[in-house]
Amino acid sequence: MSNLVALITGSSRGIGASCAIELAKCGINVVINYNRNLEKAKELENYIKVNYNVDVMSIKCDISKEEEVISMIDQIIDNFGKIDILVNNASICKDTPLLDKTVKDFRHILDVNLIGTFLCSKYVSKIMKELGHGKIINIASTNALDTYYPESADYDASKAGVISLTHNFAKELAPIISVNCICPGWVNTDMNSSLSISQVREEENKILLRRFADPKEIANVVVFLASSKSSYINNEIIRVDGGSFSE
Ligand SMILES: NC(=O)c1ccc[n+]([C@@H]2O[C@H](COP(=O)([O-])OP(=O)(O)OC[C@H]3O[C@@H](n4cnc5c(N)ncnc54)[C@H](OP(=O)(O)O)[C@@H]3O)[C@@H](O)[C@H]2O)c1
């Protein structure tokens, strides 16, 4: 078991849960963060405890709330004494036609996806600076680059903001902390559960590999960026989308 500690935001399910498992497989101690899904977070915590020789804890925290982020980081420091790796993964998405979008809904998406990434990066980078090293891995989306999806302007803008934070923080936190960003394309998770079969087929046809990703295929890249094998990669935006192309 290594003595590294990783915090993965939004890891009760989907890509975040897969990141927690794949990092634990590498002997990294993991902190599972959830907002609503206590049951899934505890299930994952037990699965990791039983299967991997690492320490694991789960913490409820709404990453859009500053006081909750501070309390989560305090609990991690009390338990582990440090954080080496931060995966800013938690996010929400709600597709609504432009004319039906409310300021409240738009702001909520920015609060979780963008402000949440800012808050976790702010408080964890303070710990990493004291530690003398650290890796921050942001999860944005190809929607921030070019595969915009109708009715998700708020989500797409929040993810473009995450790319901007990546470049900004990478410059400010260098050379102590590396900051990189992954832009997944379509991934088989709850986030896409409302798509009809015909919508899935239509989107699959725009992907060179002709299928959505398994969450593990994103987690594998997170593991690489968290490891020393990526020691000279910094300030980078990495597409993991099976070779998608916009029409
Ligand atoms: N799926 C895709 O096709 C796709 C494509 C491109 C990018 N991405 C990005 O990949 C990341 C993971 O997506 P996913 O598909 O795995 O999502 P998901 O299955 O919908 O899971 C979202 C996770 O975020 C957590 N979460 C939501 N709001 C939160 C908050 N306020 N505070 C803390 N945690 C919160 C959820 O926790 P609870 O369940 O406990 O509430 C859950 O663990 C996201 O950044 C997403 O934008 C996904």
Side-chain angles (χ1 to χ4, degrees), residues 7-22 30-45 58-73 86-95 105 107-121 136-149 152 154-163 165-166 181-195 199-200 203-204 206-207 211-219 221-222 237-242 244:
L7 163 62
I8 307 110
T9 67
S11 44
S12 51
R13 49 200 173 89
I15 294 168
S18 200
C19 290
I21 291 171
E22 296 309 313
V30 291
V31 180
I32 298 161
N33 156 242
Y34 66 98
N35 185 30
R36 296 195 174 141
N37 254 303
L38 167 68
E39 205 177 308
K40 289 216 161 170
K42 285 290 167 199
E43 226 173 77
L44 179 64
E45 185 183 324
S58 39
I59 304 178
K60 176 172 167 50
C61 164
D62 177 344
I63 59 155
S64 68
K65 308 237 165 71
E66 187 164 17
E67 63 286 358
E68 292 192 27
V69 171
I70 292 171
S71 157
M72 171 169 69
I73 311 281
L86 166 66
V87 185
N88 279 313
N89 167 80
S91 159
I92 52 168
C93 178
K94 187 180 170 199
D95 294 344
D105 286 351
R107 282 215 173 104
H108 183 49
I109 287 185
L110 292 182
D111 277 345
V112 176
N113 301 4
L114 186 59
I115 305 292
T117 300
F118 150 67
L119 287 172
C120 293
S121 303
I136 297 179
I137 302 155
N138 294 328
I139 309 293
S141 165
T142 52
N143 282 31
L145 301 169
D146 52 16
T147 61
Y148 310 108
Y149 201 69
S152 64
D154 33 20
Y155 175 84
D156 295 4
S158 73
K159 293 300 185 176
V162 169
I163 289 182
L165 294 187
T166 303
C181 180
I182 296 171
C183 287
W186 292 103
V187 187
N188 274 319
T189 69
D190 295 344
M191 195 168 265
N192 300 318
S193 57
S194 63
L195 290 181
Q199 282 173 311
V200 171
E203 294 305 322
E204 281 175 339
K206 298 181 199 161
I207 303 169
R211 62 177 176 83
F212 285 13
D214 184 274
K216 191 177 165 186
E217 292 174 295
I218 310 302
V221 185
V222 168
I237 311 300
I238 302 175
R239 279 184 97 106
V240 186
D241 66 352
S244 295

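Computed from heavy atoms alone, side chains included, the values below leave out hydrogens, waters and symmetry copies. Just so you know, these numbers come straight off a predicted model, no measurement behind them. Indexing begins at 1, ligand by ligand and atom by atom, following the structure's order. We're numbering straight along the sequence, starting at 1.
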- Message: Looking at Lys65, I want to see if its NZ is surrounded by more than 12 non-hydrogen atoms of other residues, nucleotides or ligands under 6.0 Å.
- Response: no
- Query: Can you name the salt bridge (charged side-chain N to carboxylate O under 4.0 Å, His left out) partners of Arg211, sequence neighbours left out?
  - Reply: Glu217
- Task: Go through the side-chain N and O atoms of Asn113 and Ser158 and say whether any donor and acceptor fall under 3.5 Å apart.
- Result: yes
- Item | Shell of residues surrounding ligand 1, defined by a 4.0 angstrom heavy-atom cut-off that is strict | Gly10, Ser11, Ser12, Arg13, Gly14, Ile15, Asn33, Tyr34, Asn35, Arg36, Asn37, Cys61, Asp62, Ile63, Asn89, Ala90, Ser91, Ile92, Val112, Ile139, Ala140, Ser141, Tyr155, Lys159, Pro184, Gly185, Trp186, Val187, Thr189, Asp190, Met191, Asn192
- Ser121 and Asn88: side chain donor to acceptor below 3.5 Å: yes
- Does one side chain, of Thr142 or Asp241, offer a donor that lies under 3.5 Å from an acceptor on the other? no
- Query: Only one of Val87, Val162, Thr117 clears side chain to side chain contact (heavy atoms under 4.5 Å, CB included) with Ile139; which?
  - Reply: Val87
